[in-house]
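Below is one structure, written out as structure tokens; comments come after it.
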Amino acid sequence: MTDLELAEAIARQAGELLLGLRAGGLFEGKSLGRAGDRVANGFILEALRTHRPEDAVLSEEEKDNPARLAAGRVWVVDPLDGTREYGEGRADWAVHVGLSVDGEPALGAVALPGLGEVLGARPRALPALGAPLRMLVSRTRPAKEALAVAEALGAALVPMGSAGAKAMAVLRGEADIYLHTGGQYEWDNCAPAAVALAAGLHVSRVDGSTLVYNNADPYLPDLLICQKELAPKVLEALRVAA
């Protein structure tokens with residue numbers, strides 16, 4: 001099994017576990033989210049220990065091991081991205097299984113279990129741009145920078161839940177721009193970044209620099225994903241808004 005096949009299989013099966021847990025009815029709301037985090041995390045870690053025992057792992061739900069800093073291959077995972085949406089019975093949540101190689105988002109898979117889809121880091125045809133453009137924002141706390149850029153570009157706002165769901169919405173043709181400035185960690189965007197890059201999208205920090213993973217501090221607060229032709233316009237609008 002290749003690394004990508006493994007990432008896709010783990011993301012898919014973790015998503016199936018989460019759907020089953022939610023359907024079981026033993027938990028609801030915040031307790032469902034907590035149970036989902038733990039169940040998915042345990043499954044993903046065991047799968048990686050079984051199939052890639054020599055690799056390091058950075059997970060949102062696991063105590064960080066500084067030994068990963070000396071590793072060239074680090075799996076960066078978010079077992080349940082969008083815990084709130086999952087607990088509310090919504091579909092805009094995800095499972096992230098990414099692999100960083102020498103600091104780069106080499107490959108990954110993002111499962112959207114509520115939609116029955118797993119998107120791996122593979123080339124794909126990109127959807128046509130919307131008219132007007134559509135910009136993804138948090139459904140609960142849209143960042144002022146994103147609102148300013150949307151206004152400058154005449155873009156319509158598309159509220160959505162988890163980071164993974166928003167990133168994959170660009171690939172799925174549901175939106176054109178995912179701009180995030182409100183704070184994230186490496187597990188929030190490693191797998192989505194890898195999937196978006198493989199599809200041929202622009203992926204960067206909001207200053208245009210590349211995303212670098214396996215840092216001592218995993219805080220990676222901002223992200224831009226869009227089609228390459230839009231990137232200069234978005235970055236310029238961000239500069240003006242700053």
Taking all heavy atoms of [X] and all of [Y], pick out the closest pair and write down the distance.
{"X": "G130", "Y": "D176", "answer": "N-OD1, 3.1 Å"}
{"X": "L45", "Y": "V57", "answer": "CD2-CG1, 3.6 Å"}
{"X": "G154", "Y": "P132", "answer": "O-CB, 3.5 Å"}
{"X": "A148", "Y": "A241", "answer": "CB-CB, 3.9 Å"}
{"X": "F43", "Y": "I10", "answer": "CE2-O, 3.5 Å"}
{"X": "V101", "Y": "A106", "answer": "CG2-CB, 3.6 Å"}

Minimum side-chain heavy-atom gap [X]-[Y] below 4.5 Å:
{"X": "L80", "Y": "L18", "answer": "yes"}
{"X": "L201", "Y": "L171", "answer": "yes"}
{"X": "P105", "Y": "Y213", "answer": "yes"}
{"X": "S59", "Y": "W187", "answer": "no"}
{"X": "D78", "Y": "V95", "answer": "no"}
{"X": "V203", "Y": "L223", "answer": "yes"}
{"X": "L235", "Y": "L224", "answer": "yes"}
{"X": "R124", "Y": "L119", "answer": "yes"}

Spatial distance of atom CG (L32) from atom CG (L26) [nearest 0.5 Å]: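 Between atom CG of L32 and atom CG of L26 there are 10.0 Å.
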
Just verifying a value: how many Å separate L157 CG and L147 CG, rounded to the nearest 0.5 Å?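 Reported to 0.5 Å precision, the distance equals 6.0 Å.
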
[X] (side chain) donor-acceptor with [Y] (main chain) under 3.5 angstrom:
{"X": "D81", "Y": "A163", "answer": "yes"}
{"X": "Q227", "Y": "P127", "answer": "yes"}
{"X": "S31", "Y": "F27", "answer": "no"}
{"X": "K166", "Y": "G161", "answer": "yes"}
{"X": "R22", "Y": "Y86", "answer": "yes"}

Passes side-chain contact (heavy atoms from CB on, under 4.5 Å), R205 versus L220? Steps please. CA-CA 9 Å; R205 301 284 302 273; L220 193 56; 3.7 Å; yes

Between [X] and [Y], does any side-chain N to carboxylate O distance fall below 4.0 Å?
{"X": "R90", "Y": "D92", "answer": "yes"}
{"X": "D3", "Y": "R52", "answer": "yes"}
{"X": "R84", "Y": "E88", "answer": "yes"}
{"X": "R34", "Y": "E61", "answer": "no"}
{"X": "E174", "Y": "R134", "answer": "no"}
{"X": "K233", "Y": "E236", "answer": "no"}

Would V110 and V118 satisfy side-chain contact (heavy atoms from CB on, under 4.5 Å), going step by step from the backbone distance to the final call? CA-CA 6 Å; V110 177; V118 177; over 6 Å; no

Please tell me whether [X] and [Y] are part of a single hydrophobic cluster in this structure, the criterion being side-chain heavy atoms less than 4.5 Å apart.
{"X": "V195", "Y": "L211", "answer": "yes"}
{"X": "M168", "Y": "M160", "answer": "yes"}
{"X": "V149", "Y": "L133", "answer": "yes"}
{"X": "L99", "Y": "V97", "answer": "yes"}
{"X": "L115", "Y": "L19", "answer": "no"}

Apply salt bridge (Lys or Arg N to Asp or Glu O under 4.0 Å) to residues E54 and R73 and explain how you reach the verdict. CA-CA 9 Å; E54 302 302 317; R73 288 169 49 94; over 6 Å; no

What I want to check is whether the side chains of E62 and N41 have a donor and an acceptor closer together than 3.5 Å.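 On atom types as modelled, these side chains qualify, holding a pair under 3.5 Å.
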
Report yes or no: do D222 and Q184 form a side-chain donor-acceptor pair below 3.5 Å?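 Side chains of D222 and Q184: no pair found under 3.5 Å.
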
Run L238 and L179 through side-chain contact (heavy atoms from CB on, under 4.5 Å) and show every step you take. CA-CA 10 Å; L238 265 170; L179 172 65; 3.6 Å; yes

Please indicate whether E151 has more than 12 foreign heavy atoms, meaning atoms of other residues, nucleotides or ligands, lying under 6.0 Å from its CD.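 At most 12 heavy atoms, drawn from other residues, nucleotides or ligands, come within 6.0 Å of this atom.
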
Determine whether more than 12 heavy atoms belonging to other residues, nucleotides or ligands lie under 6.0 Å from atom CD of E5.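 Counting other residues, nucleotides and ligands, CD of E5 exceeds 12 neighbours.
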
Listing request: all ring pair (Phe, Tyr, Trp, His ring centres under 6.0 Å) pairs with a residue in residues 218-239, at least two apart in sequence or in separate chains.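 The answer is Y185-Y219.
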
Given side-chain contact (heavy atoms from CB on, under 4.5 Å), test I177 with L230 step by step and report yes or no. CA-CA 8 Å; I177 304 165; L230 294 178; 3.9 Å; yes

Side chain to side chain donor-acceptor pair (under 3.5 Å) for N215 and E186? Distances and angles first, verdict last. CA-CA 9 Å; N215 299 290; E186 292 186 14; 3.0 Å; yes

